[in-house]
Amino acid sequence: MTDETKPTDFIREAVAEDLKTGRFNYVRTRLPPEPNGYLHIGHVKAFMIDYLIAKENKGELILRFDDTNPTKEETEYVDAIIEDARWLGIEWVKITYASDYFDELYEWAKKLVLMGKAYVDDQSPEEVSANRGTFTEPGKNSPYRDRDVEENMDLLERMKNGEFPDGSRVLRAKIDMAHPNLNMRDPVMYRIIHEPPHHRTGSKWKIYPMYDWAHGQNDSMEGITHSLCSLEYRDHRPLYEWFPEQLGVFQPRQIEFARLNLNYTVMSKRKLRRLVEEGRVGGWDDPRMPTLRAMRRRGYPPEAIVEFVMRMGISTTATSNAGVIADIAFLEAVVREQLNKQSLRRMAVLKPLKLVIDNYPDELVEEMDAINNPEDPDAGTRKVPFSKVLYIEQDDFRETPPPKYYRLFPGNEVRLRYAYLVKCTHVVKNDNDEIVEVHATYDPATRGGDAPDGRKVKSTIHWVSASHAKEAEFRLYDRLFTREDPEEGEEGFINCLNPNSLNILNGYVEPLLAQTKPGDRFQFERQGYFCTDQDSTDKKPVFNLTVQLKDTWSKIEKKNKQ
RNA sequence: UGGGGCAUGGUGCAAUGGCAGCACACCGGCCUUUGGAGCCGUGGAUCUUGGUUCGAAUCCAGGUGCCCCAGCCA
């Protein structure tokens, strides 16, 4: 990365400043996912920021699972998160768990109790809530707030030992019940949870730390210098700083930034889960989902996702509850940009229409040379069989052409890519007046696609040889929702599901594609980028549409209709 | 309503007191054996009012709008 393209933003500036002033003499960041769901595109921003800030400063990144609540977390998600993060290319020096520090954290809590800075509160959850006050009214001190240290120590120990039922008591920091920032009104540090067992510590613990207590202290214990998080934690920063101050331990710096979201999709775990559970999509890896596993299956290259997120930039813009909302069109543009450079070109006919070259010899088969990737000469060429009966795309023929239509129609000559110039002579229809065959004649002198007399055609169309082609299934995806902001309203997102978000087509691909394996990516010429799906069989490969090629004709057509 | 945060073309991000720029989208053109890619170009923005200043997107004051916080979630 050159100096000119070196990204700069308020976080990188802050980190550089900290190094310069000596506040820190190294950089260590942490990635703190809670293992309670699959990673989606929104997570990538935080992941990349943490990773790159560390990397750019020759520092370290620690992947630390924030597993402080056994009622929500599962090992299954730990594995999935690691897999997805690796796929993105993120590297860490070690994997840790908040639960690794439960013992030490408990010692620190006792220290706070001994200092008179924390107390066991016997109020019910309802009472705690009622006494917290409101935005405009201060809270009320708990009647148990001034318990003496011995009693607090005893009660805390017994909480830990499981002597009390869930919800009966909590450990709270003693700060200020009248504080204008609600997070400072004696925040809960530990709550009692007997069941279920924790995914790592089993039944050892009956009390579990809250986020505010665990996260910041874990940062401190791990020597994290910069704890980068999303905007909604801004109000927690005073508390984040209060604990280490009291404890006299290493003080990391928290910096907040705006989260990333995409339009035309939903990102909340609960809503995504509903889509899966109600069968609106095929699963968490359905290519229409915004999860990383779905994007992987759809064929998005990880580099493109990373590039997209980086180009979006970092800011503190807070104009929606979802953070910054990126236009899906921008993501697609970046994906196209990557794929254009990398993808092997192939020919595939999604909606077949038979084209018969009447003056082509019945039994002749010619091997045509086709370029694998015009953007990459090293990709070489391949042979594609050509014969008398072909399939072309239904969209590439019109009996009566609209204005500006350059493709095949009676009397018009077009080029069959890498093959010949052909001129349409007539069509054959069935009893329902539907076109079943298009007939044409070819010019034998134009083999390869160029006319010796120098005449030009306005269009080149793709094709496959009917007797050589391989049958294939194509899954065409469109945005999952019809509205830019489907999150609006509780039921709203279900009501604006796009009924055409999946369109399955059966057609043909050139014979070379018989050997494709899941994960292979191609550009099907003039159509889009596709990725071989895991549902493929030897008999019939399945291709997912990653993203369409830009389609100027469809714009013209749309305008024609207006 | 108390506290915290944010306002720059349609969207996202720059400009750190000195000509408001970049990307995507949109529109027009060139080129093309992908109506792809590439290339060229047009239009369009500093929330508002006042102040400081030779000069303000930037600094100050007021206003307006939007986002977050009243979990024993993270």
Side-chain angles (χ1 to χ4, degrees), chain A residues 7-9 13 32-34 36 66 68-69 71-73 121 123-125 128-130 132-139 166-172 179-185 188-193 207-208 210-212 214-215 229-238 256 258 260 263 308 311-327 329-334 336-337 340-341 345 347 370-371 374-375 404-407 415-419 421 448-450 456-462 484 523-528 548-556:
Chain A
T8 179
D9 52 72
E13 281 167 10
E34 185 188 16
N36 71 345
D66 227 332
T68 56
N69 187 344
T71 66
K72 303 196 158 187
E73 296 142 9
D121 192 350
Q123 293 184 105
S124 69
V128 169
S129 175
R132 184 153 24 229
T134 67
F135 289 148
T136 48
E137 304 155 43
D166 288 14
S168 59
R169 279 173 239 258
V170 287
L171 182 73
R172 293 229 250 170
H179 199 108
N181 180 345
L182 269 48
N183 293 121
M184 300 297 273
R185 319 243 262 228
V188 173
M189 295 166 63
Y190 280 103
R191 74 289 212 185
I192 300 170
I193 300 175
I207 57 172
Y208 290 92
M210 296 287 289
Y211 167 85
D212 284 307
H215 190 89
C229 60
S230 51
L231 249 30
E232 69 263 33
Y233 292 102
R234 180 55 253 257
D235 288 347
H236 293 248
R237 200 158 82 200
E256 311 86 12
L260 172 66
N263 59 9
F308 159 71
R311 279 212 249 163
M312 284 294 300
I314 311 172
S315 71
T316 50
T317 305
T319 46
S320 90
N321 66 339
V324 153
I325 300 172
D327 191 344
F330 182 45
L331 206 210
E332 291 177 343
V334 176
R336 274 194 208 100
E337 191 179 294
N340 177 49
K341 288 183 279 189
R345 314 289 132 122
M347 291 198 284
I371 294 166
E375 305 291 322
K404 297 270 183 78
Y405 189 86
Y406 304 144
R407 280 113 95 145
R415 175 167 34 239
L416 294 175
R417 176 137 239 223
Y418 300 126
L421 262 34
D450 285 313
K456 301 284 184 194
V457 291
K458 292 209 79 165
S459 185
T460 299
I461 65 174
H462 61 275
E484 254 190 81
Q523 184 201 94
F524 291 158
E525 294 214 36
R526 304 206 306 131
Q527 312 208 82
Q548 277 191 321
L549 249 21
K550 276 202 255 174
D551 186 358
T552 309
W553 165 243
S554 73
K555 281 183 193 169
I556 296 169

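Below, read A as the first sequence line, B as the second, and so on, with proteins coming before strands; counting in each chain starts at 1.
Judged as a side-chain hydrogen bond (donor to acceptor under 3.5 Å, both in side chains), and not counting sequence neighbours, the contacts of A/N69 are A/T71. Take A/D450 and apply the side-chain hydrogen bond (donor to acceptor under 3.5 Å, both in side chains) test, not counting sequence neighbours, and it matches no residue. Under the salt bridge (Lys or Arg N to Asp or Glu O under 4.0 Å) criterion, A/R237 pairs with A/E256, not counting sequence neighbours. With sequence neighbours excluded, the residues that form a salt bridge (Lys or Arg N to Asp or Glu O under 4.0 Å) with A/R311 are A/E307, A/E337. Not counting sequence neighbours, the partners of A/Y233 by the ring-ring contact (aromatic ring centres under 6.0 Å, His included) test are A/Y211, A/H236. Under the rule for a side-chain hydrogen bond (donor to acceptor under 3.5 Å, both in side chains), the partners of A/S230 that lie at least two apart in sequence or sit in another chain are A/E232. Annotation: side-chain hydrogen bond (donor to acceptor under 3.5 Å, both in side chains) contacts of A/R132 (sequence neighbours excluded): none.
Here, B/G9 and B/C27 have their C1' atoms 14 Å apart, quoted to the whole Å. Taking atom P in both B/C54 and B/A45, one finds a spacing of 29 Å when rounded to whole Å. Annotation: B/A23 and B/C39 have their P atoms spaced 10 Å apart (nearest Å). For B/A15 and B/U48, the C1' atoms lie 22 Å apart once the distance is rounded to whole Å. B/G4 sits 15 Å from B/G63 when the P atoms are compared, rounded to a whole Å. Nucleotides B/G62 and B/A25 place their C1' atoms 37 Å apart, quoted to the nearest Å. For the P atoms, the distance linking B/G50 with B/U58 amounts to 14 Å, nearest Å. The separation of B/G29 from B/C66, taken at their P atoms, amounts to 42 Å, rounded to a whole angstrom.
Counting only heavy atoms from C-beta outward, the side chains of A/K404 and A/W553 approach each other to under 4.5 Å. Side-chain contact between A/L416 and A/I461 is present, with at least one heavy-atom pair separated by less than 4.5 Å. Using a 4.5 Å heavy-atom cutoff, the side chains of A/V457 and A/Y406 are not in contact. Between A/S168 and A/I192, the closest side-chain pair of non-hydrogen atoms falls below 4.5 Å. Side-chain contact between A/V128 and A/R172 is present, with at least one heavy-atom pair separated by less than 4.5 Å. Side-chain contact between A/R345 and A/H462: absent, with no pair of heavy atoms (C-beta onward) separated by less than 4.5 Å.
The CG atom of A/N321 sits 7 Å away from the C1' atom of B/C67 (whole-angstrom rounding). For A/L331 and B/A25, the CG to P distance is 12 Å, given to the nearest whole Å.
Smallest separation of non-hydrogen atoms from A/T68 and A/R191: O-NH1, 3.5 Å. Contact detail for A/A326 and A/M312: the closest heavy-atom pair is CB-CE, 3.5 Å.
Along RNA chain B, the nucleotide nearest A/F524 and the nucleotide nearest A/A318 are compared for position; the residue whose nucleotide lies closer to the 5' end is A/A318.
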With 3.5 Å as the limit, what N/O pairs link the protein to nucleotides 11-14 of chain B?
| from | atom 1 | to | atom 2 | distance (Å) |
| --- | --- | --- | --- | --- |
| B/U11 | O2' | A/I325 | O | 3.4 |
| B/G12 | O2' | A/M312 | O | 2.8 |
| B/C13 | OP1 | A/S315 | OG | 2.4 |
| B/A14 | OP1 | A/I314 | O | 3.4 |

Give each protein N/O atom lying under 3.5 Å from an N/O atom of nucleotides 28-30 of chain B, with the pair distance.
| from | atom 1 | to | atom 2 | distance (Å) |
| --- | --- | --- | --- | --- |
| B/G28 | OP1 | A/K559 | NZ | 3.0 |

Q. When you check every protein heavy atom under 4.0 Å of nucleotides 35-42 of chain B, what one-letter string (B, S, -) results, 5' to 3'?
A. BBS-----
Q) When every nucleotide of nucleotides 69-74 of chain B is labelled 5' to 3' by its protein contacts under 4.0 Å (heavy atoms), B for base, S for sugar-phosphate only, - for none, what sequence of letters results? A) BBSBSB
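Shown here, B/G62 is classed anti by the O4'-C1'-N9-C4 or O4'-C1'-N1-C2 angle, which is more than 90° from 0.
Remark: RNA chain B forms stems of 3 or more consecutive Watson-Crick or G-U wobble pairs, all pair distances under 3.5 Å, at B:2-7 with B:64-69, B:10-13 with B:21-24, B:27-30 with B:38-41, B:47-51 with B:59-63.
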